[in-house]
S.K.: 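Before I ask anything, here is the structure I am working with.
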2 protein chains.
Amino acid sequence: MTGKFSDSDLTPIAGGGLLDRRLLLKRGALFAVAAAATAEPARGDAAKPAQAEDFADPAWLHRTGGAFTSYGTPSKYEKYVVRNIGGNREPAGDGVSWTPLEDLEGIVTPSGLHFERHHNGVPDIDPKQHRLVIHGRVRRELMFTIENLLRYPMRSQFLFIECGGNSNAGWHEEPIQRSVGSFHGLVSCSEWTGVPLSILLDEAGVDEGASWVIAEGADANLLNVSLPLSKLMDDAIVGLYQNGERLRPENGYPVRLIVPGWEGITNVKWLRRLHVTDQPSMTRNETAKYTELLPSGIARMFTFVMDAKSLITSPSHGQTLEGPNVYQIRGFAWSGRGKIVKVEVSADAGKSWADALLDEPVMTRCFTRFRMPWHWSGQPAILKSRATDETGYVQPERDVLIKERGRNGYFHYNAIVSWAVDEDGAVTHVYA
Amino acid sequence: MTGKFSDSDLTPIAGGGLLDRRLLLKRGALFAVAAAATAEPARGDAAKPAQAEDFADPAWLHRTGGAFTSYGTPSKYEKYVVRNIGGNREPAGDGVSWTPLEDLEGIVTPSGLHFERHHNGVPDIDPKQHRLVIHGRVRRELMFTIENLLRYPMRSQFLFIECGGNSNAGWHEEPIQRSVGSFHGLVSCSEWTGVPLSILLDEAGVDEGASWVIAEGADANLLNVSLPLSKLMDDAIVGLYQNGERLRPENGYPVRLIVPGWEGITNVKWLRRLHVTDQPSMTRNETAKYTELLPSGIARMFTFVMDAKSLITSPSHGQTLEGPNVYQIRGFAWSGRGKIVKVEVSADAGKSWADALLDEPVMTRCFTRFRMPWHWSGQPAILKSRATDETGYVQPERDVLIKERGRNGYFHYNAIVSWAVDEDGAVTHVYA
């Protein structure tokens with residue numbers, strides 16, 4: 001039953017040894033063929049005949065295992081897979097923690113590893129005391145307890161949330177030498193479930209003239225942002241559950257505003273107030289912060305939507321390829337404007353590109369995993385990935401992004417990322 | 001912008017007050033209308049004008065919140081949302097823990113709450129010492145370290161895993177009075193990622209005459225099961241990741257066999273051995289256990305596939321409706337044979353049925369959430385849900401299942417579940 005491959009299977013379809021993505025769907029021992037062809041050590045082990053000693057006889061085969069647990073945790077052998085915390089000195093509780101993207105697979109980010117961005121720490125909120133109020137330009141102001149909210153109709157959706165400042169090291173003059181998670185890890189993806197906000201706004205009865213809503217959180221920072229009423233009516237969710245269970249404290253427990261595809265700060269955590277009005281409030285986080293000064297001297301404001309972006313997580317910075325072989329290049333892409341329709345991969349610094357395989361189902365405003373077979377010859381290579389979304393938007397090269405946005409950039413960095421693989425298989429971040 | 005509803009919106013489309021599922025997709029304050037019409041207390045709160053005291057002034061608005069965490073955990077206010085552990089007295093480490101289905105939403109089960117079924121506890125396995133061996137009727141026997149496996153191509157898939165013995169209390173003469181999770185909670189759903197087993201079997205080169213594979217786990221019980229080679233070649237996965245991160249110990253760390261749609265025991269945890277052969281091994285777990293004696297006196301064996309099933313989780317046993325109102329009936333359905341194509345709900349003990357709304361995307365061999373608007377008048381009602389999968393299989397009523405399978409049943413109970421709602425809104429499990 002061993003599959004047979006024609007030579008054409010190992011014929012690159014693009015520079016640097018990229019192979020046809022359909023090989024990943026084809027039966028047969030392609031990867032073993034490549035391993036045998038290169039006598040690569042680790043794969044050599046895999047090809048070693050099973051001997052008696054191969055059936056190792058470790059202690060756990062001879063004693064009763066551990067007890068059942070009411071709530072499980074990761075293996076102690078995975079204790080280094082954690083969020084990398086980066087706080088600011090002032091004010092207290094202001095900072096971020098990064099999702100270790102290089103250690104994850106699939107599209108779900110475990111809730112315990114979802115990135116954090118707090119402006120004043122994580123409030124310890126008693127759900128029985130918490131209230132959500134809708135007021136301002138409405139026919140009748142409403143107040144909701146969490147118990148009330150849990151009784152409304154709900155819907156579930158897999159959505160990414162990305163901080164507007166994610167990947168901002170990309171603006172540096174020199175390529176930062178950090179793992180993909182510590183560079184780009186202010187983005188995560190979860191299944192969010194809650195009450196469509198339109199249901200609650202309709203219950204309040206929004207005035208004809210209203211056009212904006214000021215959303216406020218219950219942290220001591222009283223973080224608030226101004227959001228167009230039209231978007232909130234369209235697809236916003238009053239989020240109560242994340243990945244099946246109630247929200248985690250650092251992700252907004254007991255209730256968080258979910259604004260599909262829009263920058264992280266608009267997904268207001270610990271949501272306590274929705275003030276319906278006819279203009280933005282022009283608060284600090286939409287004037288002094290979360291705005292972008294363009295070369296023209298004019299600043300972009302209310303840059304809500306996160307544009308299409310992609311990352312290769314394997315191989316990525318800090319990893320080492322164990323010799324020439326056929327590898328599966330892995331990564332993921334996302335867009336705040338809809339579905340990802342194409343991810344292209346280059347192994348020759350962008351001279352040539354080939355389409356990657358996308359894991360099904362592809363969902364809107366959600367991570368999409370891409371996979372690509374690559375025959376690495378052992379020569380230096382530069383890997384890139386480029387995402388295209390359903391609006392036709394194509395992720396830009398870094399020089400194009402800088403030409404458009406200038407050198408004052410801090411937010412919304414979504415340029416193509418380049419990883420250099422040297423002849424020893426070591427992978428580093430480069431501008432190319 | 002308040003939506004307007006015609007009287008027809010509140011006109012039931014089936015007995016007991018079931019409303020058109022499309023109302024859940026329609027703008028307008030239907031649920032508020034129903035609340036106002038019935039002056040139901042909790043919803044009365046929601047309709048109360050916002051007063052000064054509504055903007056409660058709790059402590060967390062006045063102090064810096066908690067620190068960033070490297071790996072998050074649920075809120076202390078959710079500490080009762082746990083797996084309910086049910087162990088057997090002998091042998092040690094033999095038992096189950098149940099997923100609290102009534103506390104969850106969406107389709108992802110948090111890994112910490114995924115059900116457990118162990119025959120000898122949870123082994124503490126060092127991934128560096130663990131080996132997976134493929135031997136028997138193959139061209140060359142292979143041994144894989146975890147490091148080897150992590151370098152093969154992977155794919156991700158959202159799949160449920162259900163214990164063959166789940167819901168077996170349904171065989172009792174009297175309806176068990178337990179929460180939906182403690183009755184049916186030996187089923188969970190995760191995003192699993194790993195290496196397609198066909199790639200590894202092709203590398204080993206399976207003999208023409210081979211037809212079965214004995215899969216063995218590395219717990220002290222050395223649990224093993226016989227599986228048809230054809231299924232493993234078709235869609236089995238050597239699982240390394242669950243919900244984005246590496247497997248949890250109780251779910252098979254460092255490697256687990258994933259057999260889409262087949263009973264839990266076939267998804268061998270702590271996988272150490274795949275013995276390719278031409279016949280089943282007829283071990284205890286496929287002869288004395290996990291078989292079913294039929295009325296004919298003949299026992300069903302190798303009943304691998306989990307048939308279509310559905311559960312209403314809200315309202316469900318032990319919950320209480322807070323007065324007449326419009327409610328969203330919520331639950332989920334799944335089938336080991338493919339996609340769920342329809343879930344019908346009845347509010348009059350099965351006399352009439354109406355189609356529920358299914359959350360998108362509907363994925364094969366995965367949980368599918370269904371939702372249904374229901375105008376409860378305050379009269380006693382009996383709620384049921386009935387799943388149909390893409391093969392045309394329809395979930396049976398209990399009496400039909402018992403007629404077919406007899407009174408010796410223990411495994412594969414998938415009959416329609418009935419919840420009785422009394423005039424006080426109390427919900428209990430009944431046979432109806």
Side-chain angles (χ1 to χ4, degrees), chain A residues 1-3 24 28-29 32 42 46 49-50 54 58 60 64-66 68 70-72 75 77-78 82-83 85 92-93 97 104-106 108-110 112 116 120-123 127 129 133 135 141 143-144 148 153 156 191 193 202-203 205-206 241 243-246 248-250 253 328 359 361, chain B residues 1-3 28-29 32 42 46 49-50 54 58 60 64-66 68 70-72 75 77-78 82-83 85 92-93 97 104-106 108-110 112 116 120-123 127 129 133 135 141-144 148 153 156 191 193 202-203 205-206 241 243-246 248-250 253 328 359 361:
Chain A
M1 295 181 66
T2 305
L24 294 174
D54 295 340
W60 51 80
T64 299
F68 290 77
S70 54
Y71 199 100
S75 163
Y77 298 102
E78 301 297 321
V82 294
R83 294 186 285 219
I85 299 168
S97 73
L104 305 182
E105 248 291 355
V108 172
T109 305
E116 302 169 274
N120 201 343
V122 181
Q129 289 185 54
V133 172
H135 66 120
E141 303 192 325
M143 180 180 69
F144 305 87
N148 292 155
S156 299
E191 183 189 32
T193 301
D202 284 340
E203 182 174 350
V206 173
Y241 296 83
N243 294 332
E245 66 189 344
R246 298 291 303 282
R248 297 290 178 88
E250 69 271 28
Y253 183 84
Q328 184 185 53
D359 278 358
Chain B
M1 292 178 68
T2 305
D54 295 339
W60 52 80
T64 299
F68 290 78
S70 54
Y71 198 99
S75 164
Y77 297 102
E78 299 298 319
V82 294
R83 293 187 285 220
I85 299 168
S97 72
L104 306 182
E105 248 291 357
V108 171
T109 305
E116 302 169 273
N120 203 344
V122 181
Q129 289 184 55
V133 172
H135 68 121
E141 303 191 325
L142 300 178
M143 181 181 67
F144 304 87
N148 292 154
S156 299
E191 182 189 32
T193 301
D202 284 339
E203 181 172 352
V206 174
Y241 295 84
N243 295 332
E245 67 190 344
R246 297 292 302 281
R248 296 290 178 86
E250 69 271 28
Y253 183 85
Q328 184 184 55
D359 278 0

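Chain naming here is simple, since letters A, B, ... match the order of the sequence lines and numbering starts at 1 in each. Every heavy atom of this structure was used, including side-chain atoms; hydrogens, water molecules and symmetry mates were not.
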S.K.: By a 4.5 Å heavy-atom criterion (distance strictly below it), what part of B/E250 contacts chain A: side chain, backbone, both, or neither?
M.R.: side chain
S.K.: If I measure from the heavy atoms of chain A, does B/Y71 come under 4.5 Å with its side chain, its backbone, both, or neither?
M.R.: both
S.K.: Of all of A/E245, A/R246, A/R248, which one pairs up most often with chain B through heavy atoms under 4.5 Å apart?
M.R.: A/R248
S.K.: Name the member of B/G106, B/P127, B/P110 that forms the most heavy-atom pairs with chain A at distances under 4.5 Å.
M.R.: B/P110
S.K.: Under 4.5 Å heavy-atom distance to chain B, tell me which part of A/Y253 shows up: side chain, backbone, both or neither.
M.R.: side chain
S.K.: Against chain B, label A/D359 side chain, backbone, both or neither, depending on which of its atoms sit under 4.5 Å from a heavy atom there.
M.R.: side chain
S.K.: Could you pull out the closest heavy-atom pair between A/G93 and B/F68, with the gap in Å?
M.R.: O-CE1, 3.9 Å
S.K.: What part of A/Y77 gets closer than 4.5 Å to chain B, counting heavy atoms only: side chain, backbone, both or neither?
M.R.: both
S.K.: With a 4.5 angstrom heavy-atom cut-off, which part of B/S70 approaches chain A: side chain, backbone, both or neither?
M.R.: both
S.K.: Taking all heavy atoms of A/Q129 and all of B/P58, pick out the closest pair and write down the distance.
M.R.: OE1-CB, 4.0 Å
S.K.: Where on A/E105 is there a heavy atom nearer than 4.5 Å to chain B: the side chain, the backbone, both, or neither?
M.R.: both
S.K.: Out of B/G65, B/G121, B/S97, B/P123, which one racks up the most heavy-atom pairs below 4.5 Å with chain A?
M.R.: B/G65
S.K.: Name the region of A/E191, side chain, backbone, both or neither, that has any atom closer than 4.5 Å to a heavy atom of chain B.
M.R.: side chain
S.K.: If you take all heavy atoms of B/P361 and A/P361, which pair is closest and at what distance?
M.R.: CG-CG, 3.9 Å
